[in-house]
**Q** 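I am attaching a structure below and will ask some questions about it afterwards.
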2 protein chains.
Amino acid sequence: MAKSGKDSTEQVITFVREMIAKGELRQGDRLPAERDLSTKLGVSRPTIRAGLRALSAMGVVKSRHGSGTYIPEGPPTLGSEPLRFLAALHGLSRDEVYEARRVLEVSAAGLAAKRASAEHTAVIAEEVASLFASIDDPQEFLVHDIRFHRAVASASGNQIVASLVEMVSALYYEHRRDTAARATDRNLRDAADLHRAIYQAIRKHDIDLAQTLMNRHLLHSAAYQAQEDQPLGLQAARPVKGSRSPRKRAAAPDAS
Amino acid sequence: MAKSGKDSTEQVITFVREMIAKGELRQGDRLPAERDLSTKLGVSRPTIRAGLRALSAMGVVKSRHGSGTYIPEGPPTLGSEPLRFLAALHGLSRDEVYEARRVLEVSAAGLAAKRASAEHTAVIAEEVASLFASIDDPQEFLVHDIRFHRAVASASGNQIVASLVEMVSALYYEHRRDTAARATDRNLRDAADLHRAIYQAIRKHDIDLAQTLMNRHLLHSAAYQAQEDQPLGLQAARPVKGSRSPRKRAAAPDAS
DNA sequence: ATCACGGAAGTGGACTGTCCAATCGGCGTC
DNA sequence: GACGCCGATTGGACAGTCCACTTCCGTGAT
């Protein structure tokens with residue numbers, strides 16, 4: 001009856017929070033069944049469901065029909081859905097997204113250069129190699145581009161920064177995928193070179209250089225994107241085309 | 001008209017998303033009543049509630065009992081709850097939180113120095129003045145400290161960056177509030193001086209200096225915090241339960 | 001003995017119906 | 001005209017029931 005008395009649905013969130021805090025729930029674990037939680041917490045099942053739905057929206061849990069409710073595994077992740085709504089509600093410009101991404105990635109590159117381990121640099125090197133190998137396949141190139149940046153973010157050694165990079169980048173990659181098909185060999189070639197330079201800077205622990213190169217890369221990339229799609233103004237005026245929305249997880253077909 | 005979705009509850013989210021995209025829903029607006037949405041979307045009310053609960057968890061909407069469900073006003077905000085869970089689940093160290101905050105705030109200071117307007121600098125100046133005025137009142141000092149950093153983030157001109165700063169800082173301020181009462185005049189004096197220096201750098205559009213000073217300030221602050229307390233966890237977000245602080249100073253029922 | 005198939009049990013997803021509590025506006029009273 | 005009360009509206013929560021999907025185990029065919 002302590003602090004949990006305000007909202008019944010808050011009780012659910014608090015309960016899960018405390019289970020996590022106590023170490024009773026870890027990654028990959030399954031939560032008790034909704035019916036069990038219902039009796040255990042003394043609240044109705046719809047209320048339990050509401051609480052779990054909230055946790056699900058926060059990305060804390062993930063429900064699988066017929067199986068159970070689980071805590072996702074893998075690296076820490078912040079959903080990018082809230083950002084999408086935020087952008088729509090406040091009319092955030094695409095430039096702001098680009099800039100935010102640049103801020104995060106440049107910092108991540110700096111951190112990576114500061115403390116990248118041998119394993120981290122190896123992963124990055126691998127992606128650089130894959131980039132050069134897929135210069136003739138824009139879609140494949142994009143996949144390794146994404147993985148490269150993810151590897152750099154991971155090498156930063158700061159999981160929060162990595163999560164933020166992922167969150168903001170997700171917005172960016174969405175239409176990036178559309179323009180990827182139109183990229184020329186020249187663009188990809190230049191991009192691959194820059195990626196390699198960034199990798200080398202990280203490997204040499206040259207913080208300033210890594211940051212500078214990453215900044216240049218992203219500025220260049222943003223400029224290229226900007227010249228690609230003008231219809232920004234048109235899209236705003238035109239009524240939404242209804243069903244084109246990427247409801248499906250558009251995150252790119254990565255397997256590993 | 002209901003867009004065919006996999007999940008019934010997804011329909012609700014999609015519906016709201018499209019209303020926002022069409023401009024039919026803006027900040028401060030009230031959503032249709034749950035019962036109306038129920039008939040309009042052809043799904044049951046508990047389902048509507050589940051969808052709204054998810055949106056609420058994302059911070060997109062906010063329900064007020066007896067009044068309605070609204071879209072919050074004010075600057076864009078990303079809840080920090082997900083980060084809290086992330087920290088608990090992945091055992092993120094406090095240092096990571098500090099570092100992430102530093103990364104964001106340093107970048108924000110740089111952007112602010114680049115493009116701060118007269119109004120923005122005025123707001124920052126005001127908070128600096130308030131900092132000096134409340135050197136003998138740690139709690140009040142903390143309030144203006146927070147406002148100062150918020151003003152800087154806002155002056156960055158990038159709402160996404162500002163939101164991220166707010167999100168990460170929220171984690172930080174929680175235990176900061178506990179240690180605030182123990183801060184000495186000397187600490188506050190130094191902090192105020194640094195804040196003033198940061199402000200001046202921003203006003204002079206000296207990007208490098210602003211970043212350097214902000215970085216120094218936060219490093220110093222982190223070092224001070226580190227010597228204060230050890231434990232990290234996720235205590236239930238609200239007031240600390242009885243078992244934590246070895247010595248609790250004056251109660252300070254101030255909730256701000 | 002092995003493996004594929006089928007069904008039962010467990011789980012989340014959703015619906016119907018009902019009641020409670022908070023809010024807000026309008027009406028009547030003072 | 002100001003105040004206060006009361007009811008309509010709205011979100012919050014509950015109970016019971018049914019459905020869809022997943023999983024797994026036992027059965028039977030190979």
Side-chain angles (χ1 to χ4, degrees), chain A residues 1-16 19 24-25 27-73 79 81 247-249, chain B residues 1-16 19 24-25 27-73 79 81 238:
Chain A
M1 179 84 185
K3 56 193 171 270
S4 51
K6 42 180 296 191
D7 227 318
S8 268
T9 170
E10 286 284 337
Q11 281 186 21
V12 183
I13 297 178
T14 300
F15 180 77
V16 174
M19 279 196 74
E24 299 172 5
L25 271 182
Q27 292 187 53
D29 285 356
R30 205 188 78 178
L31 273 69
E34 295 181 349
R35 292 165 178 82
D36 294 345
L37 285 175
S38 178
T39 63
K40 194 174 300 183
L41 291 181
V43 296
S44 72
R45 206 180 139 220
T47 305
I48 296 287
R49 286 183 56 70
L52 292 181
R53 185 70 65 169
L55 287 172
S56 176
M58 290 191 290
V60 177
V61 302
K62 190 168 169 60
S63 292
R64 288 209 310 251
H65 192 168
S67 175
T69 303
Y70 301 83
I71 294 185
E73 300 195 63
E81 218 76 353
R247 191 49 265 146
K248 212 51 175 161
R249 211 78 191 111
Chain B
M1 188 54 129
K3 179 179 186 312
S4 65
K6 328 165 288 190
D7 266 324
S8 274
T9 166
E10 286 284 338
Q11 282 186 21
V12 182
I13 297 177
T14 300
F15 181 77
V16 174
M19 279 197 74
E24 299 173 4
L25 272 181
Q27 291 187 54
D29 284 357
R30 203 189 80 177
L31 274 70
E34 294 182 350
R35 292 167 178 83
D36 293 345
L37 284 175
S38 177
T39 62
K40 194 174 299 181
L41 290 182
V43 296
S44 70
R45 210 184 132 216
T47 304
I48 295 288
R49 287 183 54 70
L52 291 181
R53 186 70 66 169
L55 288 172
S56 177
M58 290 191 289
V60 177
V61 302
K62 189 168 169 61
S63 293
R64 286 208 311 247
H65 192 167
S67 175
T69 303
Y70 301 84
I71 294 185
E73 302 195 61
E81 217 76 353
R238 268 308 168 87

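Every chain is numbered from 1 and lettered A, B, ... according to where its sequence line falls, protein lines coming before strand lines. No experiment lies behind these values; they were computed from the predicted model shown.
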**Q** Quick check for you: among C:dT16, C:dG13, D:dC14, whose closest atom lies nearest to any side-chain atom of B:S44?
**A** C:dT16

**Q** Picking from C:dC15, D:dC14, C:dG12, which would you name as closest to the side chain of A:R45?
**A**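 My answer, after comparing the listed nucleotides, is C:dG12.
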
**Q** I need the minimum non-hydrogen distance between A:A57 and B:A54, along with the two atoms involved.
**A**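 Taking every non-hydrogen atom into account, CB-O, 3.4 Å.
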
**Q** Could you tell me how far apart A:I48 (CD1) and D:dA13 (C1') are, to the nearest whole angstrom?
**A** 12 Å

**Q** Indicate the atoms forming the closest heavy-atom contact of A:G59 with A:P72, along with that distance.
**A** O-CG, 3.9 Å

**Q** Run through A:L25, A:T14, A:D29 and flag the one making a side-chain contact (heavy atoms from CB on, under 4.5 Å) with A:M19.
**A**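 Answer after filtering A:L25, A:T14, A:D29: A:L25.
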
**Q** Checking the side chain of B:T69 only, and the main-chain atoms of B:K62 only, is there a donor and an acceptor separated by less than 3.5 Å?
**A**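 Not a single qualifying donor-acceptor pair exists.
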
**Q** Measuring from the side chain of B:H65 (C-beta onward, heavy atoms only), which nucleotide among C:dA14, C:dG12, C:dA22 has the closest atom?
**A**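 The answer is C:dA22.
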
**Q** For A:E34 and C:dG13, what is the distance between atoms CD and C1' respectively, to the nearest whole Å?
**A** 8 Å

**Q** Starting at atom OH of A:Y70, determine the distance to atom C1' of D:dC21, rounded to an integer number of angstrom.
**A** 12 Å

**Q** Separation of B:L52 atom CG from D:dG12 atom P, in whole Å?
**A** 9 Å

**Q** By nearest heavy atom, map B:S63 and A:S67 onto DNA chain D; which one lands nearer the 5' end?
**A**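 Nearest nucleotide further toward 5': that of B:S63.
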
**Q** Between the base of C:dG12 and the side chain of A:R35, is one N or O donor paired with an acceptor at under 3.5 angstrom?
**A** yes

**Q** The side chain of B:R49 lies closest to which of these nucleotides: C:dG12, D:dA13, C:dA14?
**A** D:dA13

**Q** If we count only N and O atoms by modelled type, under 3.5 Å, do the side chains of A:T47 and A:T9 hold a donor and an acceptor together?
**A** no

**Q** Picking from D:dG11, D:dA13, C:dC15, which would you name as closest to the side chain of A:S8?
**A**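 Selected nucleotide (nearest to the side chain): D:dA13.
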
**Q** Tell me: CG of B:D7 to C1' of D:dC19, nearest whole Å?
**A** 14 Å

**Q** Looking at every strand, decide which applies to A:R64 at a 4.0 Å heavy-atom threshold: base, sugar-phosphate, or nothing.
**A** sugar-phosphate

**Q** Tell me the interatomic distance from B:L55, atom CG, to D:dG11, atom C1', rounded to whole angstroms.
**A** 15 Å

**Q** Looking only at side-chain atoms of A:R53, point me to the closest of C:dG13, D:dG12, C:dG12.
**A** C:dG13

**Q** Could you state the atom-to-atom distance from CG of A:L37 to C1' of C:dG12 in whole Å?
**A**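 Spelled out: CG on A:L37 to C1' on C:dG12 is 12 Å.
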
